[in-house]
Amino acid sequence: MALAAVLLGFFTIMVDAMIVNVALPSIGRGFDSGMTGLQWVVDGYTLAFAAFLLSAGAISDRIGARQAFAVGLGLFVLASAVCGAAPNLGVLVAARLVQGAGAAMVVPASLALLRETFPDPAERAKAIALWGVSGSVGAAAGPVAGGLLTVIDWRMIFFVNLPVGAVALLLLRRAPSSPRQEVPFDWTGQVAAVAAMGALTYAVIEAGAEGFGTTRVLVAFAVAVVAAVAYLVAQARGRHPMTPLPLLRSRTMSLSAAVGFALNVGFYGMIFLLGLYLQQVHGLSALATGVGFLPMTVLTSFMGPVAARLATRFGARIPVIIGQCLMAAGLLAMVTVPAGGPVWLSVVLMVPVGAGGAMAVTALVSLLLESVPAERAGVASGVLNAARQLGGALAVAVFGALVADRARFVSGLHTSLLIAAAVVAVSVVATVLLRPARRAS
């Protein structure tokens, strides 16, 4: 029951992370919003996801994985209802922030719940592979589901979360309660993390619309720097830091976070860009755009088991490297597609990006969880997924600014894809440097 609840809940969370992209043009027309507003519809979710993942991992360890999973999923379902009924863009963005906070509690709790449910390493590896499949399929299926539901009404992309989330919560009731660790909450670290990530994302989005030299953009960048320093000080000097410095100093932890950041820059960035490209440049409907993501969706679902087999035979680093190379190659190939190129070519080139990302993420999670003690599983997975979501949020912020001008959309698209490919290429080098290290404390 715990495994079934985790897979269904995590699938729902990851569907919602991507389902909005195909519906963005419809949301923009419904609320008469420009690119900046649409960026916040996406980044409101991913930013809150990233910012609260850090403390969510600690909360999972402190109140118990099962309990944290239930609270997070319940919050996510309630916020989904508000998103679907939002009367204006402001309410929608605010509800998306709450959605992201709820989702943030679900992700590290799901991994910690799997670790305590499957103490045997072999069985746990299989469970994590299934977890990776559910998340990868959910993320890749999001655009397809978004296209289908937008035909009815874009609000349905949020209402669909209600019955699915309810079923997952009912399944979770059959699972036993998780052990708790009574440790005070790190309020200073959490506030500083939210301020740093929020200010940085705001600065990047507004810089794209107003320019880097405007006063509010410069102030936002300054706030991000100050908040980041405050966060590091709080983790170094606090009595109960939510991300202890020994964990952050771990070579495996730091490089895993960097690789996770790069993978989401490539994957989230591509989904955001291609969803707009197929509709605004090629004139496809939301449904046709969603169907265009279907080949990637189908092949991505097979990458978790493939990664698990490769990791068992050659070690986890090999599938991480192979996956990143596939992603970088796909992104670079997309740059060669001319403005009038056939739609099918873009559809085909999505496949190595999505499949490579799914392979790399699954193996990366296994690599990280094997390097940390059981009591730090929630915190470690929170750091990894926070880095991934921050990568996705910044990709949407930067790439959205580059394609905001409709007259220069294609050149902005190619520039964005080149940036994403370069980031992933750098992460390949980081993965090569990822050597087995002593377990983080």
Side-chain angles (χ1 to χ4, degrees), residues 1-14 16-17 45-46 48-80 97-119 124 127-128 130-132 134-135 138 161 164-187 189-191 193-194 240-244 247 365 368-369 372-389:
M1 290 299 100
L3 178 61
V6 164
L7 296 182
L8 186 57
F10 187 50
F11 172 84
T12 306
I13 294 299
M14 297 310 295
D16 201 85
Y45 181 87
T46 52
F49 204 162
F52 288 99
L53 268 171
L54 296 172
S55 62
I59 290 173
S60 173
D61 292 341
R62 290 161 186 170
I63 72 174
R66 175 187 175 275
Q67 298 86 304
F69 189 91
V71 171
L73 189 57
L75 186 62
F76 174 84
V77 170
L78 290 175
S80 296
L97 287 165
V98 178
Q99 263 193 319
M105 293 190 67
V106 169
V107 174
S110 68
L111 287 170
L113 188 56
L114 290 181
R115 178 151 190 168
E116 68 185 41
T117 304
F118 299 96
R124 184 168 63 244
I128 291 174
L130 289 173
W131 176 88
S134 68
N161 294 331
V164 181
V167 171
L169 288 170
L170 288 174
L171 290 171
L172 193 65
R173 293 184 63 183
R174 301 287 301 276
S177 295
S178 300
R180 309 182 182 193
Q181 300 181 50
E182 296 296 333
V183 182
F185 187 75
D186 181 12
W187 288 105
Q190 178 60 88
V191 171
V194 171
H240 304 285
M242 59 185 181
T243 50
L247 180 67
V365 171
L368 177 62
L369 290 185
V372 299
E375 65 272 14
R376 292 297 184 192
V379 177
S381 59
V383 173
L384 171 61
N385 284 287
R388 291 179 58 199
Q389 295 305 317

Review point. So, for L169 and A70, which heavy atoms are closest and what is the spacing to 0.1 Å?
Key: CD2-O, 3.7 Å
**Study point:** Exercise: identify the closest heavy-atom pair between A5 and A168
**Key:** CB-O, 3.6 Å
Review point. Closest heavy-atom contact between A386 and A50?
Key: CB-O, 3.4 Å
Practice item. Please report the shortest heavy-atom distance between L8 and T12, naming the atom on each side. Key: O-OG1, 2.9 Å
Practice item. Identify the residue among L73, V6, L113 that makes a side chain to side chain contact (heavy atoms under 4.5 Å, CB included) with L172. Key: L113
Review point. Parallel under 30°, tilted from 30 to 60°, perpendicular over 60°: which one fits the rings of F76 and Y45?
Key: perpendicular
Check your understanding: Are the side chains of V77 and N161 in touch, meaning some heavy atoms are under 4.5 Å apart?
Key -> no
Revision key, fill the gap. Rounded to the nearest 0.5 Å, the CG atom of L114 sits from the CZ atom of F10 at a distance of 10.0 Å
Revision key, fill the gap. Tested for side chain to side chain contact (heavy atoms under 4.5 Å, CB included) against F49, the lone hit among L97, V106, V107 is V107
Point to revise | Distance in Å, L3 CG paired with S134 OG, rounded so as to fall on 0.5 Å steps | key: 8.5 Å
Point to revise | Closest contact, heavy atoms only, A79 versus V98 | key: CB-CG1, 3.8 Å
Check your understanding: Nearest 0.5 Å, what's the CD-CG distance between Q389 and L384?
Key -> 10.0 Å
Check your understanding: What closest approach, in Å, do D186 and P241 show between heavy atoms, and which atom pair accounts for it?
Key -> OD2-CA, 3.6 Å
Review point. Measuring from F69:CZ to M105:CE, what's the distance to the nearest 0.5 Å?
Key: 11.0 Å
